[in-house]
Amino acid sequence: MSAGYPPGQTVEIARRRLTERFRAHGIDSAELDARILVGAELGLDLTGMIAAAARPLAAAEAERLEAAARRRLAGEPVARILGAKEFWGLPLQLSAATLVPRPDTETVVELALEMLRVIPRANRRLRMADIGTGSGAILLALLSELPEADGVGTDISVAALSTARANAGRLGLGDRATFVACDYATGLQGAFDLIASNPPYIRSAEIADLATEVRDHDPHRALDGGPDGLAAYRSLIPQAAGLLASDGALIVEVGHGQSSQVEQLMTAAGLMHDRPPKADLAGIPRAVAGRKLPT
Ligand code: GLN
C-alpha cells in the first residue's frame with residue numbers, strides 16, 4: 001500500500017502522484033494516462049475532475065485506482081484497462097479479440113471520405129466493406145459520416161464480430177451494418193463502392209520487439225503480416241479488386257515503408273492510383289488507395 005493511495009488524499013494529489021509514478025516508469029503518455037484513469041475510476045469527466053480537485057478520495061476509490069495503476073505499470077495500455085477507446089470521436093468497446101484502434105487508422109477514414117466524394121453515383125445508396133473489422137472502428141466511423149451508406153464488416157474472429165456488432169448497436173448504426181465471419185473478403189459478394197482494411201502488417205520476426213502494450217495485449221492475429229509483413233495484402237487486394245464496383249475504391253492501412261509495395265500489389269490486381277498515399281500525423285504514408293477503372 002506504500003505506493004498506493006491512502007484514504008484522505010485529494011483527487012488532484014492522486015492524479016499528480018499517479019503521473020509521477022507513470023513518468024518514473026518511462027511511460028511517455030504519463031500525464032494523459034493518469035488523467036484518463038483517475039477520471040474513469042472516479043466517474044469524472046475533465047470538468048468534473050477540476051471541480052472535485054480538493055475532494056478526498058474514498059477508500060474504495062483509492063483501491064480501484066490503485067488496481068488500475070498497477071495494471072498500467074505492468075504494461076497494459078489504458079484502453080485495455082478501461083475496455084474502451086475513442087476512434088473518430090466514437091466511443092468503442094474492445095475485447096481481447098480486437099486491436100486497440102489507433103489514431104493512425106483515422107487516416108484511412110479520411111482518405112476513404114475524400115475518395116467517396118469524387119465517385120459518381122446517381123442518388124443510390126453506397127455499399128461499403130471493412131475487411132478485418134475488429135472492433136468495427138473503420139466501418140462505424142464511415143457509417144457515422146455517410147447516412148446514405150450501408151456496410152459489411154468481416155473478421156476471422158467471431159468474438160471480434162460480436163464486439164463490432166455491439167458497438168454498431170450502441171452507436172445507433174446497427175441497422176446499416178452487417179457482419180460476416182470469414183477470412184478477409186472470401187465471404188463477400190460485390191459490388192462495393194468502397195472497401196477499406198487495416199490488415200495485419202508487422203513482420204513476424206518483429207513482433208517480439210514491439211512495445212509490451214502492443215505485444216502482450218493486442219491479438220497477434222491482428223498484427224502478424226507474415227515473414228515480410230505483406231502476406232495479408234497479397235490475399236486481400238486481389239479479392240477486394242474483384243468485388244469493387246466500377247469506379248469503386250480500395251483503401252488500406254500500411255506499415256512504415258510499405259506503401260510502394262502495396263501500391264504495386266494494387267496495380268498488379270488491375271487498380272489504378274489517382275491519388276498518392278495519405279500520411280498520418282507523424283508524416284508516415286499510412287493509407288494507400290486504388291481505384292477500379294470504370295467499365
Ligand atoms: N498499427 C499497429 C502497430 O504498429 C499494427 C496494426 C496492424 O498490423 N494492422 O502497433
Side-chain angles (χ1 to χ4, degrees), residues 79 82-103 105-199 219 221-222 236 239-240 242-253 287 289 291-292:
L82 304 183
K85 173 83 181 178
E86 203 169 280
F87 179 81
W88 200 262
L90 306 172
L92 297 177
Q93 304 280 312
L94 308 176
S95 66
T98 66
L99 208 63
V100 174
R102 318 283 208 261
T105 303
E106 295 185 344
T107 313
V108 173
V109 177
E110 286 166 7
L111 185 54
L113 292 173
E114 285 170 22
M115 291 196 65
L116 280 175
R117 259 178 237 129
V118 298
I119 292 179
R121 63 188 136 102
N123 270 339
R124 57 181 179 80
R125 295 189 69 75
L126 279 175
R127 269 196 92 202
M128 310 189 296
D130 177 12
I131 315 286
T133 194
S135 61
I138 295 174
L139 180 68
L140 299 175
L142 289 169
L143 288 175
S144 77
E145 294 288 337
L146 301 161
E148 73 285 19
D150 300 297
V152 51
T154 75
D155 209 288
I156 197 159
S157 161
V158 173
L161 289 176
S162 88
T163 302
R165 194 178 290 114
N167 281 326
R170 229 178 272 113
L171 293 167
L173 300 168
D175 44 356
R176 291 191 288 126
T178 51
F179 296 95
V180 174
C182 65
D183 200 8
Y184 300 120
T186 50
L188 298 183
Q189 285 184 326
F192 293 95
D193 301 292
L194 179 95
I195 301 180
S197 183
N198 172 19
R221 247 189 337 202
L236 83 83
Q239 290 172 16
L243 291 167
L244 284 176
S246 169
D247 256 329
L250 171 64
I251 323 273
V252 298
E253 178 167 329
R291 188 189 292 282
K292 175 112 160 192

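The structure presented is a predicted model; accordingly, all values stated were derived computationally and were not measured. Quick note: residue numbers are just sequence positions, from 1.
Considering all non-hydrogen atoms of both residues, L92 and P101 come closest at CD1-CG, 4.0 Å. Taking every heavy atom of both residues into account, A289 and I251 meet most closely at CB-CD1, 3.8 Å. In plain terms, the two heavy atoms of A79 and V100 that are nearest each other are CB-CG1, 3.6 Å. Pairing each heavy atom of V158 with each of A181, the nearest pair is CG2-CB, 4.2 Å. Closest approach of A112 to L142, counting heavy atoms only: CB-CD2, 3.9 Å. For the residue pair G151 and L139, the shortest heavy atom distance occurs at CA-CD1, 3.7 Å.
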inquiry  = The test is side-chain contact (heavy atoms from CB on, under 4.5 Å); show your working for D247 and K292 and say whether it passes.
reply    = CA-CA 5 Å; D247 256 329; K292 175 112 160 192; over 6 Å; no

message = As a quick check of understanding, evaluate side-chain contact (heavy atoms from CB on, under 4.5 Å) for R124 and D193, giving each step before the final call.
response = CA-CA 11 Å; R124 57 181 179 80; D193 301 292; 2.9 Å; yes

ask   = Does the pair F179 and V152 meet the rule for a side-chain contact (heavy atoms from CB on, under 4.5 Å), with working shown?
value = CA-CA 5 Å; F179 296 95; V152 51; over 6 Å; no

message = Checking N198 against I131 for the side-chain contact (heavy atoms from CB on, under 4.5 Å) test, could you report, in this order, the C-alpha distance in whole Å, the side-chain angles of both residues, the deciding distance, and whether it holds?
response = CA-CA 7 Å; N198 172 19; I131 315 286; over 6 Å; no

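With a 4.5 Å cut-off on side-chain heavy atoms, L113 and E145 count as touching. You'll find the side chain of L244 stays beyond 4.5 Å of the side chain of R291, heavy atoms only. The side-chain heavy atoms of L94 and K85, taken from C-beta on, include a pair separated by under 4.5 Å.
Taking CD of E253 as the start and OG of S197 as the end, the distance is 9.0 Å to the nearest 0.5 Å. To the nearest 0.5 Å, atoms CG (L111) and CD (E106) are separated by 14.0 Å. To the nearest 0.5 Å, atoms CG (L250) and CE (M115) are separated by 9.0 Å. The distance from atom CG of L143 to atom CD1 of I138, rounded to the nearest 0.5 Å, is 12.0 Å. In this structure, CZ on F87 lies 11.0 Å from CZ on R102, to the nearest 0.5 angstrom. Put simply, CG on L126 and CD on E148 are 5.0 Å apart, with the number rounded to the nearest 0.5 Å.
The side-chain hydrogen bond (donor to acceptor under 3.5 Å, both in side chains) with D150 is formed by just one residue from the set R127, R176, R125; it is R125.
For residues 152-161, no pair satisfies salt bridge (charged side-chain N to carboxylate O under 4.0 Å, His left out), with sequence neighbours left out.
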Tell me which donor-acceptor pairs under 3.5 Å the side chains of residues 161-173 have, and how far apart each pair is, sequence neighbours excluded?
from, atom 1, to, atom 2, distance (Å)
S162, OG, A159, O, 3.3
T163, OG1, S95, OG, 2.9
T163, OG1, A159, O, 3.2
N167, OD1, Q93, N, 2.8
N167, OD1, R170, NH1, 2.8
N167, ND2, Q93, O, 3.0
N167, ND2, S135, O, 3.0
N167, ND2, T163, O, 3.4

N/O donor to acceptor pairs below 3.5 angstrom from side-chain atoms of residues 182-192, sequence neighbours left out:
from, atom 1, to, atom 2, distance (Å)
T186, OG1, D183, N, 3.4
T186, OG1, D183, O, 2.7

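Formation of a donor-acceptor pair under 3.5 Å by the T98 side chain with backbone atoms of A160 is not found in this model.
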